[in-house]
Amino acid sequence: MKSESLRDAYGKELVKLGSKDADIVVLDADLSSSTKTGYFANAFPDRFFNMGISEQSMVTTAAGLALSGKKPFVSTFAIFLTRTYEQIRQSVCYNNAPVRFVVTHGGITVGEDGATHQIVEDVGIMSGLPNMNVIVPSDSIETRSVIDYLANVDKPHYVRLSREKFPVINDEDYEFRIGKSITMKDGTDLTIIADGVMVSKSMEAAEQLKKQGISARVINMPSIKPIDRDAIIRSARETGHIVTAEEHSVYNGLGSRVAEVVSESYPVPVRRIGMRDTFGKSGKAWELFSYFHMDVKDIINEAMTCLEEKNYENIP
């Protein structure tokens, strides 16, 4: 399975959109070579604004541009955007200004940069803001489709990308739809709901579970807010148990959103895989998944625990 860069896909798709729409402008906080907005800067220098290390000014400027009819895309590292929470809340979300935040270097795949740069709380922070939509793509194909979708939105959006390359798992004709999930693999014994790189890990786990006679459904949930309530409730009814997997804290992320839906509409056990109330750690990106118990084997273990619970419940 080949792997591709999500941020590279973002930068190149921006150029394609920019060639068709003169209202698209891009703002970056002195990180365009890393966020890949440099592609847009080279193609359209008069519509690119390097705001320097002044993220608060970047956000308020983007809000003004959006309210003036422009279509701003705003990029920096995920950890650095969160320092602008007040400006995002007051200038963007309060005014429902359609600013498109596309951040990179989210999660523990930042790797050797360590805990100070491995933000694992951002999805929760942004999900709590009124008017904000939150998206976590699973591969480069989904990323391109998300960026295309953002070209004509009427409210704020937060898109979280990675530093590392992710396995390509979606078909080339894939089309992102806000508030909708994608069933990557059907199953009847339990459901694994994942986002980001954890979708490919969940698919690998499902294949290994299949060899043990276990049928696991895998759902890609890129739209964290709004979330696909219908798919979650349907899976709860049809499979009885749910495992969630995310490269994020288990608090206020995908797992929390799924648990909220289930508890309100169709209570079933939900087991969550993610960061457990801890900061990240410096290390090789893919080794950190094992260190923090978020790898394929951990998804399998949680699935097996679900099935043991299900069997226990069926004992007369």
Side-chain angles (χ1 to χ4, degrees), residues 5-19 22-68 70-93 97-123 125-126 129 132 134-137 140 143 146-147 150 156-165 279-280 282 285:
S5 167
L6 278 64
R7 53 191 171 123
D8 206 54
Y10 163 53
K12 292 178 180 178
E13 199 66 18
L14 264 185
V15 174
K16 290 182 181 179
L17 291 174
S19 66
D23 284 332
I24 290 177
V25 295
V26 176
L27 297 84
D28 202 295
D30 210 27
L31 287 168
S32 59
S33 62
S34 294
T35 63
K36 304 304 180 182
T37 59
Y39 293 134
F40 190 94
N42 291 333
F44 310 104
D46 58 331
R47 288 190 272 145
F48 176 81
F49 304 93
N50 182 0
M51 304 299 292
I53 307 175
S54 182
E55 291 87 356
Q56 290 89 349
S57 295
M58 178 173 67
V59 169
T60 53
T61 300
L65 287 166
L67 294 171
S68 299
K70 297 299 182 182
K71 299 178 179 180
F73 283 77
V74 176
S75 292
T76 184
F77 290 2
I79 185 66
F80 298 145
L81 188 69
T82 55
R83 66 172 60 144
T84 71
Y85 179 84
E86 181 185 356
Q87 287 73 32
I88 294 174
R89 183 185 190 274
Q90 310 292 64
S91 297
V92 177
C93 291
V99 176
R100 303 135 178 92
F101 297 104
V102 184
V103 300
T104 66
H105 294 63
I108 58 173
T109 40
V110 174
E112 288 86 350
D113 286 359
T116 58
H117 284 52
Q118 295 168 358
I119 188 162
V120 294
E121 316 90 50
D122 54 319
V123 169
I125 292 170
M126 295 299 163
L129 287 166
M132 180 68 84
V134 179
I135 304 167
V136 183
S140 59
T143 297
V146 167
I147 302 309
L150 292 179
H157 283 68
Y158 179 83
V159 181
R160 186 208 218 205
L161 305 181
S162 68
R163 178 187 200 175
E164 290 288 320
K165 296 179 179 180
F279 290 103
S282 180

From [X] atom [atom1] to [Y] atom [atom2], the distance as rounded to the nearest 0.5 Å:
| X | Y | atom1 | atom2 | answer |
| --- | --- | --- | --- | --- |
| K12 | L17 | NZ | CG | 15.0 Å |
| I53 | R83 | CD1 | CZ | 8.0 Å |
| D30 | T76 | CG | OG1 | 9.0 Å |
| L27 | E55 | CG | CD | 12.0 Å |
| M126 | T82 | CE | OG1 | 6.5 Å |
| K165 | R7 | NZ | CZ | 9.5 Å |

Apply side-chain hydrogen bond (donor to acceptor under 3.5 Å, both in side chains) to S75 and list each qualifying residue two or more places apart in sequence or on a separate chain.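 Listed in chain order: Y10.
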
Quick one: closest heavy-atom pair of [X] and [Y], and the distance?
| X | Y | answer |
| --- | --- | --- |
| S19 | F44 | N-CZ, 3.5 Å |
| V74 | A62 | CG2-CB, 3.4 Å |
| V120 | G107 | CG1-CA, 4.4 Å |
| A97 | A63 | CB-O, 4.2 Å |

[Y] side chain reached by [X] side chain, heavy atoms, under 4.5 Å:
| X | Y | result |
| --- | --- | --- |
| F40 | D28 | no |
| F101 | M132 | yes |
| Y85 | I125 | yes |
| L129 | Y158 | no |
| V110 | I119 | no |
| F73 | L14 | yes |
| D8 | S140 | no |
| V99 | I88 | no |

Partner set under ring pair (Phe, Tyr, Trp, His ring centres under 6.0 Å) for F80, not counting sequence neighbours: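 Ring pair (Phe, Tyr, Trp, His ring centres under 6.0 Å) list for F80, sorted by chain: F77, H117.
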
Kindly determine whether I79 and T116 satisfy side chain to side chain contact (heavy atoms under 4.5 Å, CB included), including the steps that lead there. CA-CA 8 Å; I79 185 66; T116 58; over 6 Å; no

Candidates Q118, R163, R160 - the one meeting side-chain contact (heavy atoms from CB on, under 4.5 Å) with H105: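 Considering Q118, R163, R160, a side-chain contact (heavy atoms from CB on, under 4.5 Å) with H105 is found only for R163.
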
I need the single residue from T143, T104, V102 that forms a side-chain contact (heavy atoms from CB on, under 4.5 Å) with L6. Which is it?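 The option that passes is T143.
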
Does [X] use its side chain to pair, donor to acceptor, with the backbone of [Y] at less than 3.5 Å?
| X | Y | value |
| --- | --- | --- |
| S68 | K70 | no |
| R100 | P98 | yes |
| R47 | I24 | yes |

